[in-house]
Amino acid sequence: MRKLKININKVSKKFGDKVVLDKLDLKVFESESLAIIGESGSGKSVLTKCIDGLLSFDTGTISFDKIENIKNLSFLQMNKYMSKFGILFQNAALFDSLTIKENLMFANKNNDLSEILDEVSLPKSILYEFPSNLSIGVQKRIGLARAILQNPEILVLDEPTTGLDPIIAKQINTL
C-alpha cells in the first residue's frame, strides 16, 4: 500500500487581487516522483514554496506525514519541518559573496565535500571559486549538491534545467 507523504487540500494563495492557487488538491505518495507542468506565472514555484514552508498560503491545508496542517506549526517546528526538504531553486540561489565551499557549508558544516562534488561531477578546485565566475550549468550543479547534502526526505527542483543547453540539461536530469 502506498503511503501518503504530502496531502494538499483546497489550498489557495493570492497576491493582492491575483489568485495564483485556487483551491488546489494534490496528493504525493512516498517514493513518488512528481512533475508539475504549466506556463510561466501559473503558480508552480508558489506551490512548491507553500509545500516546503517558504511561503504561507491563505486557505486550505497542507499535511505532511503525521502533521495535519503545516500552517499550525510553531516557528521551531517549522524550522524542523523545512529541514526535511532539499531545494534547488530556478536560479540556483547561491550566495555571490561566498565561495562555493562556503555555499555548500551553509547547508552542511561537514568540511569534507569531496563526495558531494564527485556526485555532481565537479572538481575539488571549484570550492574556492565564486558563483559569478561559473557557468549557469555549474551553478545549478552546485545548487543541486547543496540541496542533496543533508539527505532530505523530499527533493524539490524548481525548473532545474531552465536556460541550459541540452547536454548540461541531460547531466542535471541524470544527477
Is it the case that more than 12 heavy atoms not belonging to Leu34 sit under 6.0 Å from its CG atom? yes
Heavy atoms of other groups near Glu32 CD, more than 12 under 6.0 Å: yes
Shared hydrophobic cluster, [X] / [Y] (ILVMFWY, side-chain heavy atoms < 4.5 Å):
X: Leu88; Y: Leu104; value: yes
X: Ile100; Y: Tyr128; value: yes
X: Phe89; Y: Leu157; value: no
X: Ile36; Y: Ile6; value: yes
X: Leu4; Y: Ile8; value: no

[atom1]/[X] to [atom2]/[Y] distance, rounded to the nearest 0.5 angstrom?
X: Ile51; Y: Lys5; atom1: CD1; atom2: NZ; answer: 13.5 Å
X: Asn69; Y: Ser63; atom1: CG; atom2: OG; answer: 6.0 Å
X: Ser45; Y: Leu55; atom1: OG; atom2: CG; answer: 10.5 Å
X: Leu113; Y: Leu127; atom1: CG; atom2: CG; answer: 6.0 Å
X: Gln150; Y: Leu155; atom1: CD; atom2: CG; answer: 12.5 Å
X: Thr61; Y: Asn9; atom1: OG1; atom2: CG; answer: 4.5 Å

For [Y], is there any backbone N or O sitting under 3.5 Å from a side-chain donor or acceptor partner on [X]?
X: Asn103; Y: Phe95; value: yes
X: Lys71; Y: Phe57; value: yes
X: Lys124; Y: Asp118; value: no
X: Glu129; Y: Ile126; value: no

Quick one: side chain to side chain donor-acceptor pair (under 3.5 Å) pairs with a partner in residues 77-88, sequence neighbours left out? Ser74-Gln77, Lys84-Glu153
Examine the side chains of Ser132 and Asp96 and answer whether a donor and an acceptor come within less than 3.5 Å of each other. no
For residues 10-29, which side-chain N or O atoms pair as donor and acceptor with protein atoms under 3.5 Å away, sequence neighbours left out?
residue, atom, partner, partner atom, Å
Ser12, OG, Lys23, N, 2.9
Ser12, OG, Thr59, OG1, 3.4
Lys13, NZ, Ser56, O, 3.1
Asp25, OD1, Lys10, N, 2.6
Lys27, NZ, Asn7, OD1, 3.1

Donor-acceptor pairs under 3.5 Å, side chain of residues 135-148 to any protein atom, not counting sequence neighbours: which ones?
residue, atom, partner, partner atom, Å
Ser135, OG, Val138, N, 3.2
Gln139, NE2, Pro131, O, 2.9
Gln139, NE2, Leu134, O, 3.0
Lys140, NZ, Gln90, O, 2.8
Lys140, NZ, Glu159, O, 2.9
Lys140, NZ, Pro160, O, 3.3
Arg141, NH1, Val120, O, 3.3
Arg141, NH1, Ser121, O, 3.2
Arg146, NH1, Ala93, O, 3.3
Arg146, NH2, Ala92, O, 3.0
Arg146, NH2, Ala93, O, 2.9

